[in-house]
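So the structure is just underneath, and the comments pick up after that.
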Amino acid sequence: MTHTETRETVRVELGERSYDIIIGPGLIAEAGADIASRNPGIRCAVITDRNVAAAHLDALLASLAAHGVEAAPLVLEPGEKTKRFEELIRVCDHVLGARLERGDAVVALGGGVIGDLSGFAAGIVRRGMGFIQIPTSLLAQVDSSVGGKTGINSVHGKNLIGVFHQPDLVLADTNVLDTLPIREFRAGYAEVAKYGLIDRPDFFAWLEKNWRDVFAGGPARIHAIATGCQAKASVVAADERESGSRALLNFGHTFGHALEAATDYDGARLVHGEGVAIGMVLAHEFSARMNLASPDDAARVERHLRDVGLPTRMSDIEGGLPQTDILMKHIAQDKKVRRGALTFILTRGVGQCFVSDNVPGDEVFRFLEEKRAT
């Protein structure tokens, strides 16, 4: 990790496909200079959504134009339901219609939905084009913009169709988070906390003391984002295609994805980071039930996430949930399932996560039955 007065740079080491994550204020206004200096003569398709476009698209296009980078913007509707085949086709056709070449780039200006969709398109158009991430949500800055996992949703579950396609550059402008709705910021914070819970207990303890400063902005926010990116970069460098240790990054996600699917990806009821927050509490509680961890750790995690304003229980989800057998079907469809066996990321305590294969399905069923009522 390298530092300047207002920027931090995290390097993702992947040999010839290594890239930088640059974190700091004002990066959208400086994006043209950053992109042009690294890729002279490059042309871009800028993919964004209506909400982000209203706030940041003009500034990005002006910056690109000022440095001679030709750009073709495409504005999509916001929300998880944009991650579907019809929109993927639309993005691919837009890129091809702009006559972009393999050496040009797809630029994702937005949150995780835009990043996942745009990255998938970049990975398959012309059998792989350049890809630049400009994440505009906290969740995307610390999680989905880093590591090359791209994709769309299926009727069978979340993110089940996609490719691994690493970006060439990630520009995480911390100023854009000032305009993020507080609910979205909290949801992203769940992913920040996740890195402490996986294997950085000192970072989680730091967050417990400093989370208000992270929310307020400034150096604490940059530090939290950079630490999260460094944690993810280390895991990605060791296991790029999630054959082993990278699965730890899915802590809380098996439960969380099932809850998202159960709410039909209705962002009014549950957004991704909220599902992860509930999922991380459930994972700690299930680990305690299996005598792997102390119930005190589960209580500590729930207390912190609730302090910052996140939901921590299934009963916090408005509108109720389907029966437990439906939740189990969503869990069984999750990407972490191998040869039909349930694989969960469990924990022996704060900062002590591990991959557990062959988790008994009947134990999970009974556990969820009990938690639905609390």
Side-chain angles (χ1 to χ4, degrees), residues 7-12 19-31 34-35 44-57 59-60 63-64 73 75-76 78-80 82-83 91 105-122 130-151 159 162 165-181 183-192 194-195 214 217 221-233 236 249 271-273 276:
R7 288 184 172 193
E8 292 202 20
T9 300
V10 174
R11 184 74 171 168
V12 181
Y19 56 93
D20 288 334
I21 309 163
I22 304 175
I23 304 146
L27 293 183
I28 288 179
E30 300 168 12
D34 284 317
I35 293 170
C44 299
V46 178
I47 314 302
T48 189
D49 70 39
R50 181 166 37 82
N51 292 342
V52 174
H56 305 297
L57 180 58
L60 176 59
S63 179
L64 293 172
V75 179
L76 305 175
E80 189 74 27
T82 294
K83 282 174 55 172
V91 173
V106 177
V107 177
L109 175 68
V113 168
I114 291 297
D116 285 357
L117 177 67
S118 303
F120 191 6
F131 179 41
I132 297 169
Q133 287 266 27
I134 306 181
T136 59
S137 70
L138 178 58
L139 190 151
Q141 289 188 1
V142 299
D143 187 62
S144 59
S145 69
V146 180
K149 286 172 71 173
T150 75
N159 296 332
H165 188 63
Q166 297 292 343
D168 303 298
L169 176 67
V170 179
L171 299 173
D173 188 334
T174 53
N175 281 352
V176 304
L177 304 181
D178 291 335
T179 60
L180 204 64
R183 183 182 181 191
E184 293 294 331
F185 192 93
R186 287 179 180 135
Y189 181 87
E191 295 280 2
V192 176
K194 178 190 75 175
Y195 292 112
V214 175
R221 179 182 292 175
I222 294 174
H223 173 70
I225 294 171
T227 302
C229 288
Q230 183 64 65
K232 184 160 188 180
V236 170
L249 295 173
V271 295
H272 174 69
V276 171

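As a basis for the values below, the full set of heavy atoms in this structure was taken, side chains included, without hydrogen atoms, waters or symmetry mates.
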message: Give me the atom names and distance for the closest heavy-atom approach of Ala140 to Pro135.
response: CB-CB, 3.6 Å
Close side-chain approach of Leu60 and Ile134, heavy atoms under 4.5 Å: yes
Side-chain atoms of residues 19-27: list all donor-acceptor pairs with protein atoms under 3.5 Å, sequence neighbours left out, distances to 0.1 Å.
from  : atom 1 : to     : atom 2 : distance (Å)
Tyr19 : OH     : Gly147 : N      : 3.0
Tyr19 : OH     : Gln166 : OE1    : 2.8
Asp20 : OD1    : Arg11  : NH1    : 3.0
Asp20 : OD2    : Arg38  : NH1    : 3.4
Asp20 : OD2    : Arg38  : NH2    : 3.4

- line: In terms of heavy-atom contacts, Leu138 and Tyr189 come closest through CD2-N, 3.5 Å
message: Return the CG to CD1 distance between Asp173 and Ile28, rounded to the nearest 0.5 Å.
response: 4.5 Å
Spatial distance of atom OG1 (Thr136) from atom CG (Leu57) [nearest 0.5 Å]: 11.5 Å
Shortest non-hydrogen contact between Arg50 and Pro78, atoms and distance: NH2-CD, 3.5 Å
message: Counting C-beta onward and ignoring hydrogens, is there a side-chain heavy-atom pair between Ile114 and Val52 closer than 4.5 Å?
response: no
Pairwise distance CD1(Ile35) to CD1(Ile132) - rounded to 0.5 angstrom: 4.0 Å
- request: Check the pair Asn159, Lys83 against side chain to side chain contact (heavy atoms under 4.5 Å, CB included), reporting the backbone distance first and the verdict last.
  value: CA-CA 8 Å; Asn159 296 332; Lys83 282 174 55 172; 2.5 Å; yes
- prompt: Are Leu177 and Phe185 close enough, and set up right, to give a side chain to side chain contact (heavy atoms under 4.5 Å, CB included), and what steps lead you there?
  reply: CA-CA 7 Å; Leu177 304 181; Phe185 192 93; 4.1 Å; yes
task: Run through Val142, Asp143, Leu139 and flag the one making a side chain to side chain contact (heavy atoms under 4.5 Å, CB included) with Val192.
output: Val142
Validation row: Arg221, Asp178 side chains within 4.5 angstrom (heavy atoms): yes
query: Gly79 and Val113: which non-hydrogen atoms are nearest, and at how many Å?
result: O-CG1, 3.5 Å
query: Does Thr150 offer a backbone N or O that forms a donor-acceptor pair with the side chain of Asp116 under 3.5 Å?
result: no
message: Using the rule given for side chain to side chain contact (heavy atoms under 4.5 Å, CB included), can you reason through Asp34 versus Leu171, listing the C-alpha separation, both sets of side-chain angles and the distance that settles it, and then say yes or no?
response: CA-CA 9 Å; Asp34 284 317; Leu171 299 173; 4.0 Å; yes
- prompt: CZ of Arg186 to CG of Leu180: how many Å apart, nearest 0.5 Å?
  reply: 11.5 Å
query: Taking all non-hydrogen atoms of both residues, which atom of Thr48 and which atom of Leu109 are closest, and how far apart?
result: OG1-O, 2.7 Å
query: Between Lys232 and Glu191, is the closest basic N to carboxylate O distance under 4.0 Å?
result: no
message: So, taking the atom named SG in Cys229 and the one named OH in Tyr195, what distance separates them when rounded to the nearest 0.5 Å?
response: 7.0 Å
query: Where is the tightest heavy-atom contact between Ala190 and Gly273, given as atom of each residue plus distance?
result: CB-O, 3.3 Å
- request: Measure the shortest side-chain to side-chain distance between Glu8 and Gln230 over non-hydrogen atoms and say whether it is less than 4.5 angstrom.
  value: no
- prompt: Is there a donor-acceptor contact under 3.5 Å from the side chain of Ser63 to the main chain of Ala59?
  reply: no
Trace of the side chain to side chain contact (heavy atoms under 4.5 Å, CB included) decision for Val170 with Gln141: CA-CA 9 Å; Val170 179; Gln141 289 188 1; over 6 Å; no
